[in-house]
Amino acid sequence: MRISIKDDNIGKYLNAKALKKADEAYETLVSGKGPGSEFTGWLNLPEKMLSDTEKIEEAAIRIRSNSDCLVVIGIGGSYLGTRALLNYIKSISYNSLKKTTPDIYFIGNDLSTDHISEVIEQIGERDFSVNVISKSGTTLEPSITFRIFRELLKMRYGDDAKNRIYVTTDKEKGLLKEEADREGYQTFEIPDDVGGRFSVLSAVGLLPAAVAGIVIRRILKSADSFMKSDEGVALAKKYAGIRYSAHKDGKSMEIFSAFNPKLRYLGDWWEQLFGESEGKEHKGLFPASLLFTSDLHSMGQYIQDGKRLFFETFCHVAHENTEISIPYLEGDQDRLNFIAGKDVSYANLKALEGTEIAHLEGGVPNIRITFDDFSEETFGEAIAFFELACGISGYMLKLNPFDQPGVEKYKRNMFKLLGKEE
């Protein structure tokens with residue numbers, strides 16, 4: 001396992017009763033007898049995708065050969081997991097790196113004219129392609145954005161524009177699928193039995209990842225092995241059991257505290273995964289992700305001394321890709337020679353450990369999830385771990401973890417206010 005859980009600060013929330021309920025919920029999940037079981041295809045998705053990567057890899061090679069930029073258009077589950085993948089394995093500054101792969105711009109996740117204009121300006125006169133991701137093709141934010149970038153492609157490339165549009169959507173139905181078939185765009189499938197927030201290990205996340213030069217087969221093999229391993233399942237059950245116990249004890253919130261900026265979008269994806277899966281029937285922990293140590297200088301005071309609403313999940317990566325030694329300074333004007341010669345990551349770890357102690361003493365139980373490194377293999381395990389834990393946790397709360405009825409309400413109101421006829 002490339003993932004471990006440190007649980008000695010969680011106290012009563014790790015107990016035999018909760019673990020037994022987690023066992024039962026897991027059996028419900030894998031038996032296909034729970035509510036929403038028609039959307040549990042993600043359990044076998046890594047294995048399925050391993051036999052279906054050739055088409056994705058071929059498209060990625062074509063995009064790299066003729067495009068300086070790839071514009072990825074999507075929102076929610078069609079955006080956050082993919083962004084997390086790129087930031088985790090490559091860099092938070094991916095587009096600024098010296099590299100042989102295209103810049104990747106994420107858009108369609110808001111309705112900001114400034115954001116759209118800035119991306120168009122950043123592309124400039126460079127060659128680009130578009131990957132639009134939407135199961136239905138009717139979600140307003142990506143649909144508007146796709147209209148704009150489709151016209152830009154047509155103005156620049158004429159009839160050849162269709163060869164620069166890659167559509168990730170439903171296999172058979174929907175407005176986007178109909179357009180793709182009519183216009184001749186290359187299509188990739190979002191499986192019918194996989195909801196958006198569980199779709200990062202489908203073409204949704206894998207095509208942009210492959211364009212960035214990420215070895216997607218490594219991600220899939222690792223995720224598949226984790227899903228099928230007793231150790232992986234046990235880790236997911238433990239996490240789900242802790243969350244359940246905290247919820248039953250009256251905690252209303254879980255804070256995901258990451259100690260590396262490369263984990264920022266993993267935290268955002270985690271928020272959607274658990275928030276959309278469990279926020280129903282007035283149940284579920286409110287998920288909130290923070291980025292430490294920076295947020296310790298803003299939200300740290302509340303976590304330490306505010307209302308005791310939450311428990312905390314610290315997220316740490318044991319081995320970074322690079323090392324920077326803290327230099328020795330003659331005169332020691334800043335009084336830091338006591339850590340001269342240590343790596344910056346050592347200081348980060350001690351900040352994490354000091355925060356764990358402080359928050360526990362302040363009445364905030366916490367666990368630490370440690371990932372080995374920033375590799376494809378570790379990312380695959382991380383996605384499998386959180387998805388398994390989410391499915392188990394939702395069934396422990398006696399919910400359908402795989403629908404999102406509340407999300408549809410804002411969409412209906414928005415379309416009505418925009419003047420769309422029924």
Side-chain angles (χ1 to χ4, degrees), residues 1-7 19 22-23 25-32 39-53 77 80-82 84-89 191 193-195 197-206 209 214-243 256 258 262-263 265-267 269-270 272-274 277 313-319 367-396 401-402:
M1 291 293 99
R2 301 167 189 272
I3 299 175
S4 61
I5 298 178
K6 178 179 176 290
D7 53 38
L19 291 177
D23 287 337
Y26 175 72
E27 292 305 317
T28 300
L29 177 66
V30 296
S31 70
F39 291 105
T40 56
W42 52 271
L43 286 165
N44 301 308
L45 185 60
E47 179 181 23
K48 177 185 175 184
M49 293 306 301
L50 272 169
S51 62
D52 198 29
T53 58
L80 290 172
T82 308
L85 194 166
L86 185 68
N87 279 205
Y88 188 99
I89 297 173
D193 55 0
V194 177
R197 57 191 176 275
F198 290 87
S199 68
V200 62
L201 299 183
S202 72
V204 169
L206 298 179
I214 292 169
V215 185
I216 60 177
R217 292 172 188 262
R218 291 179 183 171
I219 299 173
L220 294 170
K221 286 179 180 178
S222 182
D224 185 49
S225 295
F226 190 95
M227 290 274 195
K228 294 174 179 176
S229 71
D230 292 340
E231 298 94 331
V233 171
L235 275 178
K237 288 178 180 177
K238 176 185 283 191
Y239 181 44
I242 289 168
R243 300 183 79 258
F256 179 98
K262 292 183 74 172
L263 299 174
Y265 281 99
L266 185 66
W269 171 79
W270 170 90
Q272 185 196 11
L273 181 70
F274 283 96
S277 297
T313 297
F314 291 101
C315 192
H316 173 63
V317 178
H319 302 102
I367 63 172
R368 185 199 307 175
I369 300 174
T370 298
F371 303 137
D372 277 0
D373 54 27
F374 285 109
S375 66
E376 286 99 334
E377 289 83 358
T378 301
F379 184 83
E381 283 199 8
I383 295 299
F385 166 72
F386 284 124
E387 288 183 347
L388 273 175
C390 184
I392 295 166
S393 185
Y395 281 148
M396 292 178 79
F402 308 115

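Excluded from the calculations below are hydrogen atoms, water molecules and symmetry mates; all remaining heavy atoms, backbone and side chain alike, are included.
Between Gly232 and Ser229, the shortest heavy-atom contact is N-OG, 2.9 Å. Summarising the geometry of Ala389 relative to Ala240, their closest heavy-atom pair is O-CB, 3.7 Å, with the distance given to 0.1 Å. Nearest approach of Ala25 to Met396, heavy atoms of both residues: CB-CG, 3.6 Å. Between Ser375 and Ile89 the shortest heavy-atom distance is O-CG1, 4.1 Å. When all heavy atoms are compared, the tightest approach of Leu266 to Ala84 is N-CB, 3.6 Å. Shortest non-hydrogen contact noted between Ala223 and Leu201 is CB-CD1, 3.6 Å.
Rounding to the nearest 0.5 Å places NE2 of His316 at 6.5 Å from CZ of Arg368. Taken from CD1 in Ile242 to OG in Ser393, the straight-line distance is 11.0 Å, to the nearest 0.5 Å. Here the CH2-CG distance, from Trp269 to Leu263, works out to 12.5 Å after rounding to the nearest 0.5 Å. With rounding to the nearest 0.5 angstrom, the CD atom of Glu231 is 13.5 Å from the OG atom of Ser4. Note that the CG atom of Leu50 and the CZ atom of Arg217 stand 7.5 Å from one another [nearest 0.5 Å]. Separating the CG atom in Leu85 from the CG atom in Leu206 is a distance of 7.5 Å, to the nearest 0.5 Å.
The shortest side-chain heavy-atom distance between Phe226 and Met1 falls under the 4.5 Å cut-off. Looking at heavy atoms from C-beta onward, Cys390 lies out of side-chain contact with Arg197 at the 4.5 angstrom threshold. The shortest side-chain heavy-atom distance between Phe371 and Phe379 does not fall under the 4.5 Å cut-off. By the 4.5 Å heavy-atom criterion applied to side chains, Val233 and Lys237 are counted as neighbours. Contact of the Lys262 side chain with the Val317 side chain is not registered, since no non-hydrogen atoms from C-beta on lie closer than 4.5 Å. Counting heavy atoms from C-beta outward, Asp193 and Phe402 have side chains that stay 4.5 Å or more apart. Two residues are said to be in side-chain contact when any heavy atoms from C-beta on lie closer than 4.5 Å; Tyr239 and Ile3 fail this criterion.
The backbone N or O of Val204 sits less than 3.5 Å from a side-chain atom of Thr82, completing a donor-acceptor pair. Formation of a donor-acceptor pair under 3.5 Å by the Trp42 side chain with backbone atoms of Leu388 is not found in this model. Side chain of Ser222 to backbone of Ile219: no donor-acceptor contact under 3.5 angstrom is found. Between the side chain of Glu376 and the main chain of Arg218, no donor-acceptor pair closer than 3.5 Å is present.
Aromatic rings from Phe39 and Phe198 are positioned such that their centres are separated by 6.0 Å or more.
Under the side-chain contact (heavy atoms from CB on, under 4.5 Å) test applied with Leu220, the options Thr53, Leu45, Asp52 reduce to a single match, Thr53. The only member of Tyr265, Trp270, Phe314 that meets ring-ring contact (aromatic ring centres under 6.0 Å, His included) when paired with Phe256 is Trp270.
For the residue pair Asp372/Thr378, the side-chain donor-acceptor check at 3.5 Å is not satisfied.
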Kindly indicate, with the supporting measurements, whether the criterion side chain to side chain contact (heavy atoms under 4.5 Å, CB included) is fulfilled by Tyr88 and Ile383.
CA-CA 12 Å; Tyr88 188 99; Ile383 295 299; over 6 Å; no

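Using a cutoff of 4.0 Å between basic side-chain nitrogens and carboxylate oxygens, Lys228 and Asp224 are scored as salt-bridged.
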